Amino acid sequence: MTAQLHLVDTDLAEVPAGPAAQVPAQPLFGAPVYYVGADSNAISELGVEDLFAHRRRFGHRPHLTGAAGAAFIDTLEDIGLTGRGGGHFPVARKWRTVRTAGRNAVVVANGAEGEPLSGKDAALLQLRPHLVLDGLACAAEALDATDAVIWLHEGAEATRASIVHALAERRAAGLIEPQMRVVTGPARYLSGESSAIVQALSGGPALPQFRLASAATSGVNGLPTLVQNVETLARVALSAHSPEAFATSTLVTVAVPGRRVVLELDRATQLGDAIGSVLGSTPLQAILIGGYGGSWAPWVDVSDVMLAESDMRDRGLSLGAGILVPLGAGQCGLEQTASIISYLADSSARQCGPCVFGLRGVADLVRDLAEKSSGRRDLPRLQRFLAEINGRGGCHHPDGAVRMVASAVTTFAADVSAHLAGRCLHDGAAHLGQRRG
Amino acid sequence: MAEPAVNVIQRLRVDAVRCDGVGICAHLAVELVRVDSWGYPIVSRQPLSARSLRQARAAVAACPRRALFLATD
Ligand code: SF4
Ligand code: SF4
């Protein structure tokens, strides 16, 4: 997909990469992965792990049909694996729901990252395709599925080519495993949304749907359906190969102007160290945690928070799909927020009134705020809009947008007051990229 | 359709993807539905009482987009 990077140029871009991040014992990658600019080709010094290298590292994948599948689900429960697509839902519970919901299950590896700033899933699919495919094969066997799909954005060429090549390698090697096929959806922000995938695989458009029943119980064509993020499946594969070596790591994508860096870090790593390994000691003002639908927080308040979701939750945050967007000391957070909410409003799948009209209304108000042209009643109006929109879309897209804007209003409270008074706290040298577009 | 047992908690729900926002429901179920700044229904999340259930049913029946329904927890 065409990644649109809403980052304001700053001195951040100039800072060289710091020391390599701490790597757990059984890594997914073993080294940071880079993306340059808006390019979607993942770059790593360790390169692609082909089937031969993958086999050398892990040996044969255990087969999980029948009783072995049920036992493996117990293992997933014991190690406490949770989904890494953003929801952090326990994997074992989801798999059990699918297993008990009926026969002919469908399993889907979701590789259609919506967030333009994300990169961990494409990195896995491009550099560690066999871990993801092993994970999908494990799921298909354990759930006795009759269809196994790798769902990608069309236009994600490098990713698609990598998976197609990996599937061919497996076929040539004569692996005994369920058949897996690649299906692509439109390169839209929301075509990776679970209900959109279900609708598309059932023959409809790849748009989110309102659903009372979960995909797990009634998904593709009414069949029990597992939609699982590709990082989750890679971790499933690691656990299948050796549960003891299950890594307490997490993948984060740090997005700074000019590049994105995917880091594999221990969950006990503090945000300060994670960002420091990319930016050195650049002074920061705030950070957007969890991507475009995440939350802004003042840097001083959160630099000591650990990446573990439990730690994040204690502070009212969520790592979501692991996207971290640091904001340099000289940047205007309201400008950043205006640019992101405008992108999110444009990304609405244009189905639900509160999302289509509401997010546009919010985006306009935030733009006025950023441009210091708000009227006297605009801030209360913005607050009212946010309260009205929350929880009212057919999918969770508007909820994330609301969360991001609400967190900006509190995190950048001083900027809000200054802008309402027609001033900006960051006027001066800091505005390198401000008025370019 | 079979009537649910009396002690089943029911709520009025709206499928935002189907709803066209003309707001007929807000006229029929005044105690359960109000409209937002853009004219779309905000539906009460409270469990329906015996009295509000009648209002809710009227709104469900009248919704031209079949976007409203009663959901049990
Ligand atoms: S809430 Fe927005 S993105 Fe989600 S289904 Fe409705 S219109 Fe589409
Ligand atoms: S009557 Fe139906 S379509 Fe009309 S506003 Fe209410 S829920 Fe929406």
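Below, chains carry the letters A, B, ... as their sequence lines are ordered, and counting in each starts from 1. Values in this document were obtained by computation on a predicted structure and should not be read as measured data.
- Heavy atoms of other residues, nucleotides or ligands lying less than 6.0 angstrom from CZ of B:Arg18 number 12 at most.
- Chosen from B:Cys19, B:Gly39, B:Pro41, B:Ala71, the residue pairing most often with chain A at heavy-atom distances under 4.5 Å is B:Pro41.
- More than 12 non-hydrogen atoms from other residues, nucleotides or ligands lie less than 6.0 angstrom from CZ of A:Arg384.
- For the pair A:Arg392/B:Tyr40, a side-chain contact is recorded, criterion being any heavy-atom separation below 4.5 Å from C-beta on.
- Summarising the geometry of B:Val14 relative to A:Phe210, their closest heavy-atom pair is O-CE1, 3.5 Å, with the distance given to 0.1 Å.
- In this structure a side-chain-to-backbone donor-acceptor pair under 3.5 Å is missing from A:Gln351 to B:Ala16.
- At a 4.5 Å heavy-atom cutoff, the contact between B:Arg45 and chain A is made by side-chain atoms alone.
- In A:His396, the NE2 atom is not crowded: 12 or fewer heavy atoms of neighbouring residues, nucleotides or ligands sit closer than 6.0 Å.
- For A:Leu207, no part lies near chain B; criterion is any non-hydrogen pair under 4.5 Å.
- Contacts between A:Arg350 and chain B at a heavy-atom distance below 4.5 Å are absent for every atom of the residue.
- The CZ atom of B:Arg34 sits 6.5 Å away from atom CD of A:Glu388, with the distance rounded to the nearest 0.5 Å.
- Between B:Ser37 and A:Phe385, the closest heavy-atom pair is OG-CE1, 3.6 Å.
- Contact check for B:Asp36 versus A:Pro354: side-chain heavy atoms found under the 4.5 Å cut-off.
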